[in-house]
Structures are given as C-alpha cells and as structure tokens.
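Step one of this worksheet: look at the structure below.
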Protein chains: 2
Amino acid sequence: MAATLHDVARLAGVSIKTVSNVINERPNVGSATRARVEAAIAELGYTPNLTARGLRSGRKGAITLAVPDLALSYFAELAAEVIAAAEAAGVVVLIEQTGGDRQRELALLKSPRLNMTDGLVFSPLGMGQEDAGALEVAYPLVILGERIFDGPTDHVTMRNVAAAREATGYLLESGRTRIAVVGAHEGEVVGSAGLRLRGYREALEAAGVAYDQELIAYSGLWHRANGATCMRDLLARGVEFDAVFGLNDTLALGAMRVLQEAGMTVPGDVAVMGFDDLEEAPYSIPSLTTVDPGRGWIARTAVKTLLQRIADGGQDRAPETRLAEFEIRRRESTATA
Amino acid sequence: MAATLHDVARLAGVSIKTVSNVINERPNVGSATRARVEAAIAELGYTPNLTARGLRSGRKGAITLAVPDLALSYFAELAAEVIAAAEAAGVVVLIEQTGGDRQRELALLKSPRLNMTDGLVFSPLGMGQEDAGALEVAYPLVILGERIFDGPTDHVTMRNVAAAREATGYLLESGRTRIAVVGAHEGEVVGSAGLRLRGYREALEAAGVAYDQELIAYSGLWHRANGATCMRDLLARGVEFDAVFGLNDTLALGAMRVLQEAGMTVPGDVAVMGFDDLEEAPYSIPSLTTVDPGRGWIARTAVKTLLQRIADGGQDRAPETRLAEFEIRRRESTATA
DNA sequence: CGATCAATATACGACGTTGCACTCCCTCAT
DNA sequence: ATGAGGGAGTGCAACGTCGTATATTGATCG
C-alpha cells in the first residue's frame with residue numbers, strides 16, 4: 001500500500017495538515033519542521049494521491065485533447081505539441097479520438113469522462129456552425145479549427161483564407177495559371193476546405209484569372225489515398241493544368257505520387273503546393289512547398305488559453321479568438337526553371 | 001454545479017445508496033424505484049463524479065500510454081490503435097511523451113502522475129537491459145518494444161529478428177546481393193536496431209552471402225532526416241549496393257529520397273525495403289515494400305493484457321511475453337524487372 | 001396466524017486530501 | 001505592562017462515491 005499523509009504525519013510527529021502544508025509549499029511551516037517532514041516523506045516514498053486531491057480541490061492537473069484521429073499526421077503532430085506545452089505547465093493530457101464523426105463529437109461534449117480532467121481542447125471535424133450551441137458547456141473549453149466560428153468559447157485557429165490566398169498567389173506569380181485544387185468539399189463554406197478554397201478564389205480574382213469549376217477535385221477525408229483518387233480523376237477527365245494546390249499536405253503528396261506515376265514531372269510539368277507543413281514535407285520527392293499554418297503556436301496558445309480559463313474559475317470573460325501567423329515554405333515542388 | 005447522488009436521491013425520494021445501486025446496475029432495486037431514480041437522473045442531468053468514484057473504488061477507468069514522441073509516425077499510429085482498443089473497453093488513455101530519453105523514462109516510472117490512472121503501457125527507447133530493475137513497480141505495467149527482455153512485467157512485442165531475416169531473404173531471393181542497411185545503432189544488441197540487424201545478418205549467412213561492414217550506415221533517432229543522411233554517407237563513401245534495408249519506414253523513405261535525388265532509380269538500380277508498414281508506405285513513390293510488424297495486434301494485446309492485470313488486482317501471475325505475427329508487404333520499391 | 005425468508009432499501013463510515021477557522025505563543029511598539 | 005500582530009501549527013469537516021452491515025417490508029409456508 002502506498003503511504004498517505006497520515007503515515008508521514010505519524011512518522012514526523014506532526015499533524016497531517018502540516019504535512020499537507022509542506023507539500024503544497026505553504027508558508028507558516030518552520031524550517032526544522034519542514035526538514036523533518038521532508039525526511040519522513042523521503043523515507044516512506046510518499047507521493048500525493050492525485051485522485052483524492054482532485055476530489056477535494058476540484059483541480060485534476062489534467063486536460064483532454066479531442067481530435068479526429070491520431071493516425072492523421074496533422075493531428076499527431078498537433079497532439080505532440082499540445083502534450084509538450086501541457087507538460088511544461090505541469091499538466092497531463094488525455095486523448096480522445098472522435099473519428100471526425102459529428103455524433104461522436106456531440107456525444108463527447110457531454111461525456112462524463114470529461115470530468116476526469118479540468119478542461120477540453122477540442123478539434124471538431126464533423127460538427128458545423130449549426131452545432132455552435134452544443135459548445136455551451138459547463139467546463140472550460142477551447143476549440144480549434146474552422147468548423148465553427150463565433151461560438152460561445154475561446155477559439156484558436158489559423159488564417160486559412162489569407163494563407164490559401166497567398167499560397168495560390170505564389171503559384172500565380174511563378175507563372176502558373178491553371179491551378180487544380182485537390183480535396184475540396186462540395187458546397188462547404190466554413191471548414192478548412194471551404195475557407196482554403198475561398199482563399200484560392202480570391203487570389204485568382206485578384207490576378208484576373210477566371211475560376212474554372214473543372215479544376216476542382218472533391219474528396220471526403222483528407223487521406224493520402226483521396227489525394228491520389230482526386231488526381232486520377234483530374235487526369236481521367238483530361239483537364240489541363242500546370243499546378244496543383246492540395247488543400248493539405250497529405251492530399252498533395254497523394255496527388256503528387258499519381259502525377260509522377262502518370263509520367264509527369266514535378267515541378268517541371270506541374271507545380272505542387274500543400275498546406276500544413278508536416279514533418280515529412282521536406283522529405284518527399286520532390287520536397288513539398290507548403291503553408292506552415294503555425295501549428296506549434298496554435299498548440300501552445302490553446303493550452304495557455306485553456307489553463308487560463310481553468311485558473312480563472314467561473315468568471316465569464318468574453319470568448320476570444322486567436323489567429324496564428326502563417327508562412328509559405330518554399331521547396332522544390334514549385335520551383336521554376 | 002453538477003448534480004450529485006444526493007441531489008438525485010432527494011428528488012427521487014430514496015437514499016443515496018439506492019441511486020448508487022441503480023447506476024451500478026446492482027440487483028435488489030425494485031422496478032418502480034428504479035424508474036423513479038432514472039427519471040430523477042435524467043431530469044437533473046446527473047453524471048457520476050469519476051474522481052470521487054476513483055478515490056472510493058481505486059479504479060480510475062484510465063490508463064497511461066508512454067511513448068517517445070507522437071510526431072514519430074510509428075508511435076502516432078500505435079497510439080491511435082491503443083486509444084481505440086481502450087475505448088472499446090470503456091477506458092480512456094492519457095499520453096506521456098518521454099522523448100526517448102533514458103532519464104525521463106526512468107523518472108516517468110516513478111512519477112506520482114501515474115496514480116491518476118490504473119496502469120501503464122510503456123514503450124521505452126532510452127532504457128536498456130540494465131534498467132530492467134526499474135520496471136519493478138507497484139502498478140500494472142505492460143512494456144512494448146525491444147529494449148528490455150525478461151523483465152519483471154508483461155511484454156508485448158514483435159518478431160524483429162525473424163521479420164528482418166525474412167525481409168532480407170526476400171531481397172536476396174529477388175536477386176539483390178549488396179544490401180545496404182540504414183539506421184543501425186553502433187554496438188547495439190537488443191533494441192529494434194540491434195535485433196533487425198541480427199536478422200539481416202542471419203539471412204545473409206543462410207544465403208552464403210558475406211557480411212560487409214561497409215554496407216552499414218549508422219544513425220541516431222529514426223527520423224526521416226537521418227535516413228537521408230545515412231544514404232548521403234553511403235553515396236559519399238562510394239559503396240556499391242543494389243538494395244537498401246531501412247530499419248524502419250521513415251528511414252527508408254528518407255533514404256529513398258536521396259537515392260532518387262542522386263539520379264538512381266528505385267527499384268531499377270536499387271531496391272528499397274522498410275519496416276513498420278506506416279499508413280504512408282503505399283503512397284510513396286515508388287510505393288514502399290515493408291514489414292507489417294502487427295502493430296494493431298500489439299496495441300490490442302497490450303491493452304487487453306494490461307486491463308487483465310488491473311482486473312486481477314494484486315495477484316502475481318508470472319509475467320508473459322506475447323509476440324505479434326508479421327508479414328512482408330510487397331510493393332513497388334522492390335519489384336524486379 | 002405467527003415464524004421464516006428473500007427482496008428491497010437504508011445508515012454509516014471510509015477513501016486521502018485540502019480549506020477554513022482556530023489556538024498558541026512569541027515579538028514588538030506603545 | 002499591555003495589547004496588537006502575526007508566525008507556527010492544529011482539528012474538523014467536507015469533496016462524492018461505494019462497501020458493509022443493518023433495517024424494513026411483504027410474501028410464503030407449515
């Protein structure tokens with residue numbers, strides 16, 4: 001059995017409350033007493049029971065991170081940074097996977113499991129603007145991503161429209177005019193797909209290039225396989241293009257593979273642009289030009305914001321939206337001759 | 001404030017214990033009473049306080065998974081499967097990252113944070129056989145990987161030697177005789193690198209091909225960049241080879257990129273074999289032949305074994321080692337003309 | 001019709017911790 | 001000498017749940 005405060009108190013010859021005070025570094029403990037208590041703690045190998053502490057104090061020292069799926073690189077890298085940021089603040093992270101399924105996401109928001117932690121960083125994928133009401137919850141919540149705006153909670157996200165506009169603009173400037181899009185979602189307005197497509201259209205418009213519906217390839221989940229499928233579809237339809245904008249890196253890499261299979265050269269025949277700046281982007285062949293959306297900043301800010309809310313307790317400050325800065329990472333896949 | 005058993009009991013006009021009995025589906029609750037209690041639960045939106053339950057019962061319904069880094073694809077995909085398996089058993093997963101650092105790993109094993117969960121699935125990377133003693137801990141522990149054998153705990157792992165032998169054998173059978181190895185660890189005997197290299201040597205021996213030290217490229221962490229570096233090193237040294245065995249997929253992909261940069265064709269000039277069967281392996285160019293080491297099975301088995309130990313309580317059954325089956329996934333990177 | 005028994009429901013305390021309110025005693029200014 | 005001030009340490013209660021022991025009820029049986 002693990003030692004308790006009682007055991008330590010008995011050994012040190014003080015009250016259990018004094019031991020508690022030593023552990024929590026409170027004032028009003030004499031240095032001799034403190035030393036005695038610390039010796040007893042060391043001797044018994046005492047560690048505080050975090051469950052009991054959580055019950056008594058209401059603080060658990062843990063947060064939940066909910067993402068669609070850790071097998072999707074973007075979310076794995078995001079999770080890695082969230083865990084690191086939380087650890088730096090002395091907090092642990094519990095991870096839930098929703099599969100990007102709206103029902104599971106809505107269920108998660110009401111799950112009793114959440115009361116195991118002090119708050120939630122939530123990256124929804126299936127929910128939409130119409131579900132904003134479901135974010136009205138009793139615990140601290142920070143949402144990520146671009147499925148819901150102006151919700152009742154803090155929101156940390158990236159500048160999708162501006163970044164996609166700049167990415168597209170970069171392709172246009174380097175002389176490409178027929179830019180295919182891979183991974184669009186039919187009819188979507190908000191959501192990463194919708195917003196990035198909007199940035200794409202804005203850039204075309206600014207450059208006076210006509211938007212051509214033919215160039216848009218639609219897909220479901222942003223898996224590599226779907227990027228490949230989109231590209232096969234474009235090729236099968238015989239659409240002419242000299243550049244591809246993958247709405248994320250995974251799609252871009254899948255598409256690039258098919259392009260090369262089909263005998264086209266990148267960037268010679270076709271330039272390829274991604275979005276996310278995954279760890280693998282510099283190592284594809286050719287290396288992938290992409291948008292670094294500020295993932296690390298997003299993770300750190302989400303954690304900081306959530307912990308702030310938790311520390312604030314019940315006070316209702318107005319919800320805030322925080323936007324990460326982005327940057328185009330120029331690599332080989334868009335090089336000009 | 002969230003409702004408690006007391007609130008429900010008051011509303012339903014029964015004792016708090018009866019409510020508890022309803023929630024825990026115990027017998028000896030009349031159906032009329034049960035209905036009344038359930039109505040009260042619904043009306044108040046009561047959910048059990050898991051912290052209090054954890055304190056009282058000693059079961060928290062959560063496990064910890066400790067891995068080096070979620071940004072490493074192998075561990076991200078492993079974590080995804082561990083979480084899925086745990087969820088199926090109604091258990092949540094808390095993730096710790098150790099950075100593969102021996103000190104942090106040792107510290108984690110003694111961390112008070114672990115008492116927030118019921119047990120640990122631990123994938124060490126920095127610890128070695130000499131640290132086996134540190135695995136003697138008071139909580140249920142299942143270890144993964146190949147850093148420590150015959151330790152005091154359950155162990156779930158893959159058949160590294162056999163799989164590497166078969167992978168190498170496959171290259172030999174398809175006519176390759178000068179097989180470079182990427183990602184070896186100098187002097188390592190256990191550990192994935194050491195074991196896979198041993199499998200490689202065994203296959204060479206079985207085929208009567210001499211082991212050539214020149215063909216082995218060493219690296220630290222199995223990042224893509226290190227695969228690239230190894231390959232640059234091999235090319236710089238002017239070593240002749242007609243195949244590359246990357247000790248994992250990430251290394252193989254990094255190496256393959258450099259090969260192609262250098263103007264060599266895969267699999268024409270050089271065949272490339274990986275290990276892990278990452279989600280991206282089928283989508284590289286060319287698609288990567290690799291060893292599927294049974295990651296899903298490992299995740300499920302680790303969770304099942306841990307939950308079994310937890311359910312068993314203090315009984316000390318002898319520790320067991322469970323080995324996953326592997327399979328070679330034949331793809332383009334090793335095709336023969 | 002009273003005794004017996006199972007089914008149903010309850011009361012009490014404990015899990016290990018921390019917040020609050022308290023006592024004691026020493027110091028220091030008046 | 002007196003009282004204010006505050007450092008040091010204590011005791012009690014409570015967080016919300018569940019296990020154990022016990023009380024109550026109604027049904028069954030000889």
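Here the structure is a predicted model, which is why all the values come from computation and not from measurement.
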How close or far is atom [atom2] of [N] from atom [atom1] of [X], stated in whole angstroms?
X       : N      : atom1 : atom2 : answer
A/Lys60 : C/dT18 : NZ    : P     : 15 Å
B/Tyr46 : D/dC18 : OH    : C1'   : 11 Å
A/Arg10 : C/dG16 : CZ    : P     : 12 Å
A/Asn49 : C/dA14 : CG    : P     : 17 Å
A/His6  : C/dT18 : NE2   : P     : 12 Å
B/Arg53 : D/dG19 : CZ    : C1'   : 14 Å
A/Ile23 : C/dT18 : CD1   : P     : 7 Å
A/Asn21 : D/dG7  : CG    : P     : 14 Å

*Taking C-beta and beyond as the side chain, do B/Val190 and B/Glu146 meet within less than 4.5 Å on heavy atoms?*
no
*Do A/Ile95 and B/Leu70 come within less than 4.5 Å of each other through their side chains, counting heavy atoms only?*
yes
_Between B/Thr18 and A/Leu50, which residue's closest nucleotide on DNA chain C lies nearer the 5′ terminus?_
B/Thr18
As a test of reading the structure: which of [options] is closest to the side chain of [X], going by heavy atoms?
X       : options               : answer
B/Val14 : C/dT10, D/dG9, D/dC18 : C/dT10
B/Thr4  : C/dT18, D/dG9, D/dG16 : D/dG16
A/Lys17 : C/dG19, D/dG19, D/dG9 : C/dG19

*asked:* Once you apply a heavy-atom cut-off of 4.0 Å, does B/Arg59 come out as touching a base, just sugar-phosphate, or nothing?
replied: nothing
*Checking only heavy atoms, does the side chain of A/Arg56 share a donor-acceptor pair with the base of C/dT18 at less than 3.5 Å?*
yes
*asked:* Between A/Arg104 and A/Glu96 (salt bridge meaning N to carboxylate O under 4.0 Å), is one present in this structure?
replied: no
*Is it true that A/Arg147 and A/Glu105 have a side-chain N and a carboxylate O under 4.0 angstrom from each other?*
no
Output yes when at least one side-chain N/O atom of [X] is less than 4.0 Å from OP1 or OP2 of [N], else no.
X       : N      : answer
B/Thr51 : D/dT17 : no
B/Ser20 : D/dC18 : yes
A/Asn24 : C/dT18 : yes

*Should B/Asp312 and B/Arg309 be marked as a salt bridge (Lys or Arg N to Asp or Glu O under 4.0 Å) after you check the CA-CA gap, both sets of side-chain angles, and the distance that decides it?*
CA-CA 5 Å; B/Asp312 284 355; B/Arg309 286 281 175 193; 5.4 Å; no
